[in-house]
2 protein chains.
Amino acid sequence: MNAMTAARTPRPASAPRPGLRERKKLKTRLAIREATYRLIREQGYDATTVEQIAEAAEVSPSTVFRYFTTKEDIVLTDEFDPVLERELRQRPADEPIVESLRRVLRHAVAFGFADEPEEAILRTRLMIEVPAVRSRMLESMSVTGGILCRVIAERTGKDPGDLEVRTFAMGLIGALTETTAYWAEHGHKEDLAELVDRTLTVLTTGFSGASGPGSMPS
Amino acid sequence: MNAMTAARTPRPASAPRPGLRERKKLKTRLAIREATYRLIREQGYDATTVEQIAEAAEVSPSTVFRYFTTKEDIVLTDEFDPVLERELRQRPADEPIVESLRRVLRHAVAFGFADEPEEAILRTRLMIEVPAVRSRMLESMSVTGGILCRVIAERTGKDPGDLEVRTFAMGLIGALTETTAYWAEHGHKEDLAELVDRTLTVLTTGFSGASGPGSMPS
DNA sequence: CCTCTTTTGAGAGCTACTCTCATTTCATGA
DNA sequence: TCATGAAATGAGAGTAGCTCTCAAAAGAGG
């Protein structure tokens, strides 16, 4: 899931030794992101201009846009999707997809949150406070949705382009995003992993009956 | 649903006679929108500047932004949400929400599509082609989601802020949005109402088993 | 050490969007 | 019908995100 957890860049297992060039690029990327986080924390999102970010990171504004296509991307960009896909594929093929998601997300949440709790919190806060960030983040969801489609299709033998597969996947993503929003709106106090659990339960068991006649009298 | 169908402005039943001022405002609004649609059809979304739109609609650029807060809004803005809410409330209180949605949406789709098929098609096309439009449209979904929450909460006696209610609603919205995207990506050839039907069926019956073990062997 | 390639910085330029203020246009009551 | 108040408009300046180009700087490789 994109902005749900962390924005770390998982080191690929095969690191044949990055040259000086690559190392510098990574450092610049980190510098920009850290400067951004700091400035936003100090003065808010809108008040922070790309020019300020560039200055704080000691690069030119051009360079900032070379590394991140939009300002929102500086906050949101993560490389979590491939991780999600890989981990989902590692689950047994006969496990229901919702169950796989439950496991994978629980693990991801625990991991990402333990690593950089402050950034995860800032990110989700911006996601509900700053329209531009929210938009961008919703956008990235459709990418994640596409991945889900592929995994689902693989397990069921269906086509990833099937209406049923696609709506199923986006339904999941939509619900999980809302879970993150809920978490953020409640001050990040509750346990995100547990919230995700409850959401997935609703999706599997309560979806059809959640508002049926007399299913929940007051 | 927001950009799913039409962007008409439903005349409120109680129209005690709009003054000249109101009528003019409505005319300008329409002029801006029509000019926008025409220009976009002719030269594409990005190539069309607000200045051009203003000139074509014979107003000043300031006025354009007075009527629509963003350029994307000119294409997307509709007043469909209140209609959706009203119609949903008119359904019997003991009807499952998914069933109510099925009815209401089928009606809305037929209605809106018969009225302005070209605009509906252009809108959904832009929604998958232009990132900015897609973003804005995803954004408006959360508003629609809020409405759904209220209706669901009313029927079940739950709190509209409940995690379960919210994720359920956003799951629905996410799936339905994907349905629209599917429709647009396939050249608007299939019957949207039927696609919506299939989606809702997936959500109620197939959601839990859609990818369960052996639920669909190739 | 020299050359080739990649990365960077500087700067001009476009456009969406905001804000202010003077002017025009409509509504209302005398 | 006209005067007064309120609302809508236009003009214009300004901000900032984002793009593009081109020349200078910095790593990589022989």
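Predicted model only: the values in this text are computed from it and were never measured.
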A:F65 CZ to C:dT7 C1', in whole Å, measures 18 Å

Here the gap from A:T156 atom OG1 to A:F168 atom CZ, rounded to the nearest 0.5 Å, amounts to 9.5 Å

Rounded to whole Å, NZ of A:K25 lies from P of D:dA26 at a distance of 17 Å

B:K71 NZ to C:dT18 C1', in whole Å, measures 18 Å

Taken to the nearest whole Å, CZ/A:R23 to P/C:dT7 is 15 Å

For nucleotides 19-25 of chain C, give me every protein contact, N/O to N/O, under 3.5 Å, one pair per line with atom names.
from: C:dT25; atom 1: O2; to: B:R21; atom 2: NH2; distance (Å): 3.0

Strictly below 4.0 Å: does A:Y67 bring a side-chain N or O up to OP1 or OP2 of C:dT7?
no

Is the distance from OP1 or OP2 of D:dA16 to the nearest side-chain N or O of A:T49 less than 4.0 Å?
-> no

note: B:E58, atom CD; D:dT9, atom P; distance rounded to Å ~ 14 Å

From CG of B:D46 across to P of D:dG17 the rounded distance in Å is 19 Å

Original post:
Is it the case that A:S60 and A:T63 place a side-chain donor and acceptor less than 3.5 Å from each other?
Top reply: yes

Minimal heavy-atom distance between B:A56 and B:R38, with the atoms involved, is CB-NH2, 3.7 Å

From CD of A:E55 across to C1' of C:dA10 the rounded distance in Å is 15 Å

A:E72 CD to D:dA16 C1', in whole Å, measures 12 Å

